[in-house]
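Letters go in sequence order (proteins before strands), and every chain restarts at 1. The shown structure was predicted, so the numbers you read here are calculated from the model rather than taken from an experiment. The figures here come from the full heavy-atom set of this structure, side chains too, leaving out hydrogens, waters and symmetry mates.
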Number of protein chains: 2
Amino acid sequence: MRRTPVGRQTRARGIPEATVARLPLYLRALTALSERSVPTVSSEELAAAAGVNSAKLRKDFSYLGSYGTRGVGYDVEYLVYQISRELGLTQDWPVVIVGIGNLGHALANYGGFASRGFRVAALLDADPNVVGSTAAGLPVRHMDELESIVAGQHVSIGVITTPPGAAQQVCDRLVEAGVTSILNFAPTVLNVPDGVDVRKVDLSIELQILAFHEQRKSGEEPEEGPIEEPPVRERTPGPVRAAAAKLRRAAGGKDTKGDSDRQAVLPA
Amino acid sequence: MRRTPVGRQTRARGIPEATVARLPLYLRALTALSERSVPTVSSEELAAAAGVNSAKLRKDFSYLGSYGTRGVGYDVEYLVYQISRELGLTQDWPVVIVGIGNLGHALANYGGFASRGFRVAALLDADPNVVGSTAAGLPVRHMDELESIVAGQHVSIGVITTPPGAAQQVCDRLVEAGVTSILNFAPTVLNVPDGVDVRKVDLSIELQILAFHEQRKSGEEPEEGPIEEPPVRERTPGPVRAAAAKLRRAAGGKDTKGDSDRQAVLPA
DNA sequence: ATGCGTTTGTGAACGTGTGCACAAAGATGG
DNA sequence: CCATCTTTGTGCACACGTTCACAAACGCAT
């Protein structure tokens, strides 16, 4: 199962994944400085603007090369260019958005798309009532056109904003059509073949993490005592082999299949 | 600057942050099993359903306690309860959403909210044209009501879906009113006092990370050669002290202030 | 009771990420 | 040309996260 010497997602040519995740942050801060015609910036100042530690920032930049000048700082324009190039933002990235509900609309209108080389190649939906309408000035087209659009416009990035039940199916079609990077907003674990990247954005998970910390702050830590019986079933021993066998069937053969949470990304 | 012995966000009582981030994933998979009345599940099966490695899952669960039965697996109902309790989902969490554009609408309609103990206490917006309309059956109320709502309903979690220019301001008001956990969708670095948690969801960053890996796949790695001159300014040495001094003023005194990227979360 | 097959729980090794602290490098002023 | 001041780039130590591999625990059949 191990394909690359390092790990799941080889840190390409020496750039750590954690650093890659911060580059867009630096880029944003630098762009703001650039618009104010600030010529140079120190690691300390830029780090403050990006909300990180300055040593971390310097180390991050050191992976890209020695683009700073000691005693002075970093040239803003030069860094903007270098980071953009490293992230691949100097080229055009056509993107398809599948599932045009509220969230799909929000993304279609999202200004951050166009501003960084991302171009909405098409909006797709399966619902005939939605197909034909327009969002952000673009027509919503039917799922059937997915394959021809992806192939014709060389789309390599797909965004899934469908209800969770449709996500895996849509994902399969995207991959089959040639998409190799997927941004998934549906609360579903997607199965993809090797070589396809998936990143997920999950509202519900973020809130639950906040709730965890919030609970800690309140001092109402869940105590490990005799209190608070489990609501339904006690940990009663008993005949379980048959149950386990049944479970094995129900859980699906080889991978995550039946994950049909009832919550929806786009209830409308 | 170091407040806690471990680090930035002390891992409460022994539960690592990485584990906390996965608990909601396990919970979702377990809930799906529960709905199918599956009584027990092995670490291998549950790990597959959650998209993680089984050893990792077992270690994660070991931080919660010994809730499994060797030779059998984990009792689904029991685990659902324990994880819910650990995450603080057995209590009610009122939430305010500020900024009711497309994204705000999408979140208000999000089914995952209600299904896990999160309740939308109020929808708020500053635009008089939006105030008074309804979203997801709830009236949109004016920002002026923020303080009274937060105080009156004991809201501790706020969601920011405003344009980036308004985010810090809204954040300050939320914190001032008593909110101690914030989920930020605006592409802005928020400054908050100690004791307030911020999690951010940033569309643009996710896409840029995908683009980075996509570029690597294409083999078009940015090469470190004499090619590709920087577009605007060369790395010309020269008198820079005055510039650096000017910069220091422009960048703001103590913290991230002027971060006004032109992209908007909610252009509408 | 005893043995067998299964699955958990965890010690230990390894990889990744973070932050300190400082030498090297450059700018600037005399 | 030299002294001084500023800021980068990085070696090092430590914290955190992941994975392996295996003993201990448990159900079940005989």
Side-chain angles (χ1 to χ4, degrees), chain A residues 1-2 4-12 14-22 39-48 51-75 78-79 235-245 247-248, chain B residues 1-2 4-12 14-22 39-48 51-75 78-79 235-245 247-248:
Chain A
M1 193 67 85
R2 55 194 174 98
T4 51
V6 177
R8 178 196 51 179
Q9 201 159 233
T10 323
R11 45 148 126 166
I15 301 185
E17 192 59 28
T19 295
V20 172
R22 281 188 293 266
T40 59
V41 65
S42 72
S43 64
E44 205 74 44
E45 291 161 335
L46 186 54
V52 302
N53 168 312
S54 71
K56 200 188 297 191
L57 178 141
R58 286 197 300 277
K59 181 146 285 190
D60 283 342
F61 285 176
S62 79
Y63 292 116
L64 306 182
S66 288
Y67 294 153
T69 306
R70 295 174 192 228
V72 177
Y74 299 91
D75 182 295
Y78 190 73
L79 248 193
R235 303 188 63 194
T236 43
V240 278
R241 173 161 282 183
L247 158 68
R248 224 180 310 280
Chain B
M1 193 67 84
R2 54 197 175 94
T4 52
V6 177
R8 181 195 49 181
Q9 200 160 233
T10 324
R11 45 148 128 164
I15 301 185
E17 193 57 30
T19 295
V20 172
R22 281 188 293 268
T40 59
V41 65
S42 72
S43 64
E44 205 74 45
E45 292 161 334
L46 185 55
V52 302
N53 167 311
S54 72
K56 199 187 297 188
L57 179 142
R58 286 198 299 277
K59 181 141 284 190
D60 283 342
F61 285 176
S62 77
Y63 293 115
L64 307 182
S66 288
Y67 294 152
T69 307
R70 296 174 192 228
V72 177
Y74 299 91
D75 183 295
Y78 189 73
L79 249 192
R235 304 187 63 194
T236 44
V240 279
R241 172 161 281 183
L247 159 68
R248 223 179 310 281

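- Taking only side-chain nitrogens and oxygens, B/Y74 never comes nearer than 4.0 Å to OP1 or OP2 of D/dC26.
- Side-chain N/O atoms of A/R70 and base N/O atoms of D/dT8 include a donor-acceptor pair closer than 3.5 Å.
- The separation between A/Y63 atom OH and D/dG11 atom P is 10 Å, rounded to whole Å.
- For A/A55, counting side-chain heavy atoms from C-beta on, the closest listed nucleotide (D/dG9, C/dT18, C/dA21) is C/dA21.
- Taken from CG in A/D60 to CG in A/L46, the straight-line distance is 10.5 Å, to the nearest 0.5 Å.
- Counting any heavy atom pair closer than 4.0 Å across all strands shown, A/F61 reaches no nucleic acid atom.
- For the atom pair A/E44 CD and A/R58 CZ, the distance stands at 7.0 Å (nearest 0.5 Å).
- Going from atom NZ of B/K56 over to atom C1' of C/dT8 covers 18 Å, rounded to whole Å.
- Note that CG of B/N53 and OG of B/S43 are 9.5 Å apart. Values are rounded to the nearest 0.5 Å.
- Counting to the nearest Å, the P atom of D/dT10 and the CG atom of A/D60 are 13 Å from each other.
- Between A/L79 atom CG and D/dT8 atom C1' there is a gap of 12 Å when expressed in whole angstrom units.
- Neither OP1 nor OP2 of D/dG11 sits under 4.0 Å from any side-chain N or O of A/R58.
- Test B/Y78, B/Y74, B/Y67 against B/F61 for ring pair (Phe, Tyr, Trp, His ring centres under 6.0 Å) and you get one pass: B/Y74.
- Taking atom CG on B/N53 and atom P on D/dA21, their separation rounds to 12 Å, with Å as the unit.
- Side-chain N/O atoms of A/K59 and base N/O atoms of C/dG19 include a donor-acceptor pair closer than 3.5 Å.
- For A/Y67, no side-chain nitrogen or oxygen approaches OP1 or OP2 of D/dT7 to under 4.0 Å.
- Atom pair B/D75:CG and C/dT7:P shows a separation of 16 Å (rounding to whole Å applied).
- Atoms CG (B/L57) and P (D/dT19) sit 12 Å apart, rounded to a whole Å.
- Counting only distance, with no hydrogens or angles, the side chain of A/T69 and the backbone of A/V72 share no donor-acceptor pair below 3.5 Å.
- The side chain of A/S43 places an N or O atom within less than 4.0 Å of a non-bridging phosphate oxygen (OP1 or OP2) of D/dT8.
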